[in-house]
Each structure stands twice: as structure tokens, then as C-alpha cells.
Amino acid sequence: LTRERYPVTRLPFSVVSEEDLAAFERIVPGRVITDPEVLEASNVDWLRTVRGCSKVLLRPRTSQEVAHILRYCHERNLAVNPQGGNTGMVGGSVPVFDEIILSTALMNKVISFHSVSGTLVCQAGCILEELSRYVEERGFIMPLDLGAKGSCHIGGNVATNAGGLRFLRYGSLHGTVLGLEVVLADGTVLNCLSSLRKDNTGYDLKQLFIGSEGTLGVITAVSIQCPPKPRAVNVAFLGCPGFAEVLQTFSTCKGLLGEILSAYEFMDAECMWLVTRHLRLASPVQESPFYVLIETSGSRAGHDAEKLSDFLDQVLSSGLVTDGTVATDQMKLKALWALRERISEALSRDGYVYKYDLSLPTERLYDLVPDLRARLGSRAKHVVGYGHLGDGNLHLNVTSEAFSPSLLDALEPYVYEWTAGQRGSVSAEHGLGFKKRGVLGYSKPPEALRLMQQLKALLDPKGILNPYKTLPAQA
Ligand code: FAD
Ligand code: MLT
Ligand code: ZN
């Protein structure tokens, strides 16, 4: 699949030998996986659109083991693909050829948690949902949440700079990550695992690794700021008659719910069709062209309910919203969130998925969707728009029965040119990985690309870390 759709040539790295396997066995005894059946799952991405052919998967438990592995690979010129939960959307998490897969699955220990500051320090392989449970038991929440929470690792989240469903309230990982421990390509352990909120001593090196998609170093531990668990959470799921009303509802929402607003997500009618049809979820509201999910998080239930009720009165009476439902209890709250969170799963069941993750001016967020429907006609099964409207992030997805090169040609570079025309970003939160590394130039100037290449060369002179990912192939 890989080579057919994305022409790329293997770089002259060494090939793993019997001696290498023996050396790895000494570094991580009993955790050198060569069984093809186990390797199969780690060679294919979540979307099942890219596939590598790695012959070995390593499962270190400590940073020191990661350091030994990388020192060895650096010496031997062996390429390495860091892997967390393998839920990435851009093919960055799986090898392109025979890169060694370095999994963080066994690096899943909490190192410390401080209940006054809310600072969590943990190993990179902790699963996001397990961390959420851990901090919630202590009166806090993780500052990020995403549909992949049951599988993704915190190290993978940091490596992709994942946005997700709480971004509107708690912001980017560039703000909530306080420190990182990273193993560099040559095996050097860079301990920047600070827990300080403020620290202006020199360059903030950890920022370089947030969103670097495994190309600059392997993140082995994370220090992250957790907000207190809100006492009152409400979710409203509403139907809107048009996208203009979705936007006006957002403005009204910011005005009336302001400080308690914690999410503003949207999905179109085709998304609802997909989740009801493929996942058998039930829609809680009348059929509408658009749906919005609004979450509030605050400290006083009565206060929040009153505010929400005023807001709902206003949007219903003005016709911005035609139908809606509100949840406060955990079960219903989860059911409403599932309608939004599980869209990507429903899309995968619909056929081959062409995925675009764009940052656009909020006013024009949906324009490209009807435009593409007209452009693609019956060649596409579905053209859908959903996403983190509150953050100006559209998920534009197109499905077809099977992969079609002509459909891809109709989509690209059109989608990227359109986005660049709006001065948008061709990757709002998923990163570039393997699939999108060629389109970085639509959102960044040549000078920025050059500096990125120089940073890569400085930190990973042999280019062994996640080759073929993030940065365009050099001329
Ligand atoms: P992987 O997929 O294993 O890896 C992702 C990238 O990070 C790869 O390039 C890999 O090499 C690198 N990497 C992984 N671990 C490390 C490490 N320890 N050190 C260095 N590099 C590493 N993303 C969003 O931003 N917002 C969303 O709302 C969102 N929702 C999602 C919903 C679903 C159902 C799915 C399947 C994915 C979603 N994603 C979302 C994509 C998102 O990128 C990932 O879910 C998550 O952040 C990746 O974590 P992971 O542990 O699975 O990493
Ligand atoms: C989401 O917001 O649902 C995720 O980013 C996944 C996707 O875009 O499909
Ligand atoms: Zn998203």
C-alpha cells in the first residue's frame, strides 16, 4: 500500500541482523518481539491506510533502556520508529519500511502526583484514560481528552501535540506540559522534567519536542499540569438549521456562558447519519442540517444550570436552535459525547477515508464542505464536516468504497490550495507524519522549513529517528 500511494525510497540504513537481535535481548531481556503475528498490529496504522514491514518491536520499561537502545541503533545506523498507542491519523506511528518499532507500552508508571499544584509526572506510555481515572480519583482532570483516550499514550499525545475536546478551555499542550524527559537520537538522556510553572532559564527546549512526532527524540516521561475536577458538568446537544446559526449560537454561547464554557463542537447531518447507521447510536434530537455539542464546566451546579437555561431560552426563541437536549448525569453525558467522539470510527466503517484536519477562519469553516460535494459529485460516498469549531478546527472527511487515485487527484492539492488561500493550516492537530509531510509548505514559509531541517540535522545527524516523517524529503 505504502509505496504504491506514496512513492518513497528506503534510505541506506542498516538491516537488523541476528547480532543486533542478540544485543537488543541483552538490553531488554524477553522484550524483543519478532513474532510476525504480534508485529502485524504494530505495522499497520489505526486507519489501516499505511503499512510497514518491521521485523522487530522493542518494549523498554525505563528511560535508561531507551537510551541503551538508541545509543546502539545510532552506532549501527539502524532506523527507529517510536510508537505509543498507534492511534495517530497521519501514518507517523508505523514504519514505512523495516524501521525498528520502539514501543512505550510498558512505560506506564505514574511517577508522582501533587495534590496542591495538580502536577502529574508519569512515564510516556501511560494510557490517557488511565491517567484521567488516576487524577479524577484525586479531584483533578487531565487537561486534554480525545476519542482515542482508551488507547493513546500521553507520550504520543505530546509527540503529536494533540488538541482534542478540552482545548477550548485548557489550551494547548505547549502550555500545560511543564516538563519532559527525552532520549535523543544518540542515546543522550535530556532531563527537562521540571514541574515549575515559571522557568525562563534559557531556551524552553521541551517545546521543540511537543509536536515533533518522534523525529527529534523519544519522549520517555511527561510532567503535566492538571486542572481541578469541575463540580458541575452539563452537556447540551442542539440542532441548528444552518451553518450561519451554528456560528451565531457560538457567539451567543461565548457571551452568555463565557467562563463556564468548556467545549463547542459541531457535526453536520451526514455525520449523524454515519454514527446512527454504522454504530447504531440513537440521535437524541430531531433531524437537523447541523448539530452542536456544548459543554459547561463550573463549580456551582445551580449557577451553571441557570446560565445554561438562559442561553437555551435565547437560542430557541430566536430560532438559532430548533431542538435540543441537556444532560447532567454521567450516563447521558457520555452518550451525547459518543455521538461526536465516535464519528471517526463511523467513517472508517463507511469505506476508505480521505482525512483533512484544517485550521480555518471560523466564519469560513464549513465553506469547503459543500464546495467539495459539488466538485466530487457521485465519486464520493460521503463528504462530511465536523470538529472543534470553538478552536477554528474543521475535520473534513471524504469516503469512497475503495481507494481511488482519481478521487485523490480531485482532492489534492485542491484542499491544500484552498486552505492556504485562507491562510489556514493544513494540519490543525493531527500533525504531518508520513502522509502529509509533503504539504508542510502550504502552511509554512521556505525559511521555516529550512530551519526545521537544520534542527533535525542537529538533533539527529544520522536521521535514524522516524525517517520519512514530518519534514518533506530533501531535494
Ligand atoms: P502514536 O499514534 O503511536 O504515534 C503518533 C506519533 O507520535 C508518531 O509519529 C510516533 O512516532 C510519535 N510518538 C509516539 N510516542 C512517542 C514518544 N514517546 N516519543 C516520541 N514520539 C512518539 N488527535 C487530536 O489532536 N485531537 C483529537 O480529538 C483526536 N481524536 C482522535 C480520535 C480517534 C478515535 C483517533 C483514532 C485518533 C484521534 N486523534 C486525535 C489522533 C491523535 O494524534 C492520537 O490519538 C494521539 O495523540 C496519538 O497518541 P498515540 O499514543 O496513539 O501515538
Ligand atoms: C476528532 O476530533 O474526532 C479527531 O481528531 C479524529 C478525527 O478527526 O477523525
Ligand atoms: Zn479532532
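Numbering of ligands and ligand atoms starts at 1, following listing order. Starting from 1, each residue takes its place in the sequence as its number.
When each of V94, N81, I101 is checked for a side chain to side chain contact (heavy atoms under 4.5 Å, CB included) with S42, only I101 meets the rule.
If you check the side chains of K355 and N397, you find a donor sitting under 3.5 Å from an acceptor. At a cut-off of 3.5 Å, with distance as the only test, a side-chain donor of S195 or S223 sits close to an acceptor on the other residue.
Cation-pi contact between R437 and Y468: absent, since separation from the ring centre below 6.0 Å together with deviation from the ring axis within 45° is not met.
The pair R166-E295 does not meet the salt-bridge criterion, since no charged nitrogen lies less than 4.0 angstrom from a carboxylate oxygen. Salt-bridge check for D371 with R375: failed, with every basic side-chain N at 4.0 Å or more from each acidic carboxylate O. Ion pairing between a basic and an acidic side chain is recognised when a charged N comes within 4.0 Å of a carboxylate O; R10 and D98 show such pairing. A salt bridge does not link K55 to D20: none of the charged side-chain nitrogens sits closer than 4.0 Å to a carboxylate oxygen. Note on R342 versus E345: salt bridge recorded, some NZ/NE/NH1/NH2 to OD/OE distance being below 4.0 Å. Under the 4.0 Å criterion applied to side-chain N and carboxylate O atoms, D204 and K206 are assigned as salt-bridge partners.
The protein heavy atom nearest to atom 7 (C) of ligand 2 is Y386 OH, 3.2 Å. Looking only at protein heavy atoms, the nearest one to atom 5 (O) of ligand 2 is H430 NE2, 2.7 Å. Looking only at heavy atoms of the protein, atom 2 (O) of ligand 2 is closest to R340 NH2, 2.7 Å.
Listed by number with element, the atoms of ligand 2 under 4.0 Å from a non-hydrogen atom of H395 are 1 (C), 2 (O), 4 (C), 5 (O), 8 (O). Taking a cut-off of under 4.0 Å to the non-hydrogen atoms of H388, the atoms of ligand 2 that pass are 2 (O).
Taking only nitrogen or oxygen atoms, main chain and side chain alike, N397 does not reach within less than 3.5 Å of ligand 2.
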Dump the pairs for me: ligand 1 N or O, protein N or O, distance under 3.5 Å, to 0.1 Å.
residue, atom, partner, partner atom, Å
ligand 1, 2 (O), T87, N, 3.0
ligand 1, 2 (O), G88, N, 2.7
ligand 1, 3 (O), G84, N, 2.8
ligand 1, 3 (O), G85, N, 3.4
ligand 1, 3 (O), N86, N, 2.8
ligand 1, 9 (O), G92, O, 3.2
ligand 1, 9 (O), E213, O, 3.1
ligand 1, 9 (O), N466, ND2, 3.4
ligand 1, 11 (O), P82, O, 2.6
ligand 1, 11 (O), N466, ND2, 2.9
ligand 1, 18 (N), I219, O, 2.9
ligand 1, 19 (N), I219, N, 2.9
ligand 1, 21 (N), G214, N, 3.4
ligand 1, 25 (O), G163, N, 2.9
ligand 1, 25 (O), E429, O, 3.3
ligand 1, 25 (O), E429, OE1, 3.3
ligand 1, 26 (N), G164, N, 3.3
ligand 1, 26 (N), E429, OE1, 3.1
ligand 1, 26 (N), E429, OE2, 3.0
ligand 1, 45 (O), T87, OG1, 2.6
ligand 1, 47 (O), N157, ND2, 3.0
ligand 1, 47 (O), T160, OG1, 3.0
ligand 1, 51 (O), G85, N, 2.8
ligand 1, 51 (O), H153, N, 2.8
ligand 1, 52 (O), G85, N, 3.3
ligand 1, 52 (O), N86, N, 3.2
ligand 1, 52 (O), T87, N, 2.9
ligand 1, 52 (O), T87, OG1, 2.7

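The six-membered or imidazole ring of F97 lies away from that of F13, with a centre-to-centre distance of 6.0 Å or more.
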Review point. Q83 and H153: side chain to side chain donor-acceptor pair (under 3.5 Å), yes or no, with the steps?
Key: CA-CA 9 Å; Q83 189 176 80; H153 297 184; over 6 Å; no

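Neither the backbone nor the side chain of E341 comes within contact range of ligand 2; no heavy atom lies under 4.0 Å.
The closest approach between any non-hydrogen atom of K355 and ligand 2 is below 4.0 Å.
Taking each heavy atom of E270 and H382 in turn, the nearest pair found is OE1-ND1, 2.8 Å.
Within the sub-2.8 Å shell of the Zn ion (ligand 3), the protein contributes these N/O/S atoms: H388 NE2, H395 NE2, E429 OE2.
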